[in-house]
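Presented below is the structure to which this report refers.
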2 protein chains.
Amino acid sequence: MPGEKVTSVDVAKRAGVSQSAVSRVFTQGASVSPKMAEKVHKAAQELGYRPNVLARSLITGRSKIIGLVVAYLENQFYPDALEKLSNALQAHGYHILVFMVSNEDASVDKVMGELLDYQVDGIITASVGMSNDLAARCAAAGVPVVLFNRGQDDDRLNQVTSNNFEGGRQIAKFLAASGHERIAHIAGWSGSSTGRDREAGFRVGLKDAGLELCACIDGMYKRETAAAAAIELFSGSDRPDAVFVGNDHMAFAVMDVLRFELKLDVPGDVSVVGYDDVPLASWPAYDLTTLRQPSNRMVEATVATLLGWIEDGSTSIQKIQIDGPLMVRGSARIPQGWNDERL
Amino acid sequence: MPGEKVTSVDVAKRAGVSQSAVSRVFTQGASVSPKMAEKVHKAAQELGYRPNVLARSLITGRSKIIGLVVAYLENQFYPDALEKLSNALQAHGYHILVFMVSNEDASVDKVMGELLDYQVDGIITASVGMSNDLAARCAAAGVPVVLFNRGQDDDRLNQVTSNNFEGGRQIAKFLAASGHERIAHIAGWSGSSTGRDREAGFRVGLKDAGLELCACIDGMYKRETAAAAAIELFSGSDRPDAVFVGNDHMAFAVMDVLRFELKLDVPGDVSVVGYDDVPLASWPAYDLTTLRQPSNRMVEATVATLLGWIEDGSTSIQKIQIDGPLMVRGSARIPQGWNDERL
DNA sequence: GATAGTTGTGCATACGTATGCAAATTGAAG
DNA sequence: CTTCAATTTGCATACGTATGCACAACTATC
């Protein structure tokens, strides 16, 4: 391999100008004469020169890299968000450096260290929390953090979520309105704010309707755990007639168990409602009634917050909650006149 | 924000040693006395020092960044691969910088330029090809490229795929053995090697069995296109009794159309076979018979190729094809004695 | 055409680290 | 205690770029 690194010095030499001139031509907002710009561009073109982002970052303190920490991509919500985040950031000249973590242990902290080594301009964590100790370090390093789809009390951390409490309540209202009487919940991981908030809202919603949760199991946001929970809940004869599952990913597992293992009819025997509205939820094989997390708007808010912090020096902590609609589909009995009421 | 960048110089000062000593302590394979190492580590600890990867890369010429170019994450195969790639590379001290492209136009080339700006140590493209012009530039820059799940003739490009031709043939053999007579194909995008190879193998396999393709439509690897193709193929009365769909992602759409729109029974009326074996394929809602692309081994091969090139200076072009088994499930009629034969 | 004001350019230096080289230290052997 | 080899350390410099500062070139004004 030839391995010809062509630098601004080479370009300067060929164009017969100084290195600083070359630098200015490639720097946004520096003043150069049209004549100079043309000369330099020509030389650069001929040599195939492109500025070295890393070297630049050394001096500007801006790496144009955003670190994304994510636990797993199995739940379709996250690849979808990742794609949208990447596109949005790319449009602003930033790119995403990916860090996979296992959510359970302290690997988050370890990985975050590596993250800072890369001098990232900002950090987005999707579906993972972080230790306060770590939050402090990021704050000290001046690196803004946005928790995407996860809340945390630490007041140094921005966060963007859907309105999980309200979402849970809305689902309760819906299930109550269609006359269900034994309503169960397979909750999101209780170690996560999203899981806890959805459950809390759901309970309040049921209470408002004069109902009470007949059973509640932590599904850990995992397919296997949710499936096991479904078997436990629905094997007996006094089974629930409706279940709110903490996210779509688990809801699919639950529907699989209900229909193919326990031979129950959905929604005839059991109504199932999920949370997220991932693309798969609308496919007819599942046709899942679910509360939409508006990923577009969540991504928008995340990017806006991050860039505001990085480029405009904003320092106000944002705790953004975005409302989403209930997508009424075929997996749950529909209350009479539901559509009318909502017009 | 405080913004305390702590450098090796700060650590050196506090430990009462030279900056180079600090550097050596944090450099793999440099010789330092235990005493020195301890002093430096202590000071570093106290100040919260971590080496700046970007500055390091400037001098070593190694950024520890691998660029990943990917077109879309909607097909579950890719987030799955991304997760595995990231984990494998992370274990070797590398991280993935993500670049989303739209496959159709020349945006690949544009994005690749940005990629090189980051001085990536290597490039993985998932599901996208690249212009020869570009391949030349990467070769010139000494940056190794691995095409993941996509082939291309250019002899400067490594590639890792499943054995698509053989896979297609195996599927043909399977469908023929179960006595299907009117066999159709909704092909992968004809602009991709994977799509073409699977189709070619499929045709050969049918021929070997004395059969012929009764219809073939390009599904573009897109859900909507595949759905439209399914309607076109199966609306008439002389419909096919089996269809091989170019990947699982499209196969799901096809099954949805067949079952819920055209009210056909799978596999009673039509057998459906996919390609990839993404996790969803094994969920009972689809229970899709499909040819597995062994993503674990493909990832392994990709990482090995890339790191061999980067770290061991290997320069031999690898064109790796990995065989995968046919996962026989419920979406296609099973030939009598199929299991016996295969023992 | 001289002067002041404006813009464009070059010089020098800095960013944070790694590394060749020579000096200094250590340890072993005589 | 001396000598020599082996190891450890510090000094200086380089990586590729951006930017403050001083100076050169140009424009407009009288």
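Below, chains carry the letters A, B, ... as their sequence lines are ordered, and counting in each starts from 1.
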>> Is the shortest side-chain heavy-atom distance between His95(A) and Ile65(A) below 4.5 Å?
In response: no
>> Is there a side-chain contact between Ile310(A) and Pro144(A) in this structure, where contact means two heavy atoms from C-beta onward sitting under 4.5 Å apart?
In response: yes
> Mind checking whether Pro79(A) and Tyr78(B) have side chains closer than 4.5 Å, heavy atoms only?
Replying inline: no
> Is the count of non-hydrogen atoms from other residues, nucleotides or ligands lying under 6.0 Å from Lys319(A) atom NZ greater than 12?
Replying inline: yes
> Going by atom types alone, do Ser295(B) and Asp80(B) pair a side-chain donor with an acceptor below 3.5 Å?
Replying inline: yes
If you restrict it to nitrogen or oxygen atoms, what contacts under 3.5 Å exist between nucleotides 8-10 of chain C and the protein, and what is each distance?
unit_1, atom_1, unit_2, atom_2, d
dG8(C), OP2, Ser31(A), OG, 3.2
dG8(C), O3', Ser33(A), OG, 3.4
dT9(C), OP1, Ser33(A), OG, 2.7
dT9(C), OP2, Ser33(A), N, 3.1
dG10(C), OP2, Ser18(A), N, 3.2
dG10(C), OP2, Ser18(A), OG, 2.9
dG10(C), N7, Arg24(A), NH2, 2.8
dG10(C), O6, Arg24(A), NH2, 2.8

> Do Ser127(A) and Tyr221(A) have side-chain atoms, one donor and one acceptor, less than 3.5 Å apart?
Replying inline: no
>> Could you tell me if the side chain of Leu58(A) sits less than 4.5 Å from the side chain of Leu54(B), heavy atoms only?
In response: no
> Can you check whether Asn52(B)'s main-chain N or O pairs, donor with acceptor, with Asp117(A)'s side chain at less than 3.5 Å?
Replying inline: no
>> Which residues in residues 51-60 of chain A have a heavy atom closer than 4.0 Å to any atom of DNA chain C?
In response: Leu58(A), Ile59(A)
>> Say we look at dA22(D) and dC26(D): how far apart would their P atoms be, to the nearest angstrom?
In response: 23 Å
> Are the side chain of Ser63(B) and the backbone of Gln119(B) linked by a donor-acceptor contact shorter than 3.5 Å?
Replying inline: yes
>> Taking the six-membered ring for Trp, are Tyr49(A) and His41(A) closer than 6.0 Å centroid to centroid?
In response: no
> For DNA chain D, which nucleotides open and close the run of contacts to chain B, 5' to 3', at under 4.0 angstrom from a non-hydrogen atom?
Replying inline: dT8(D) to dG16(D)
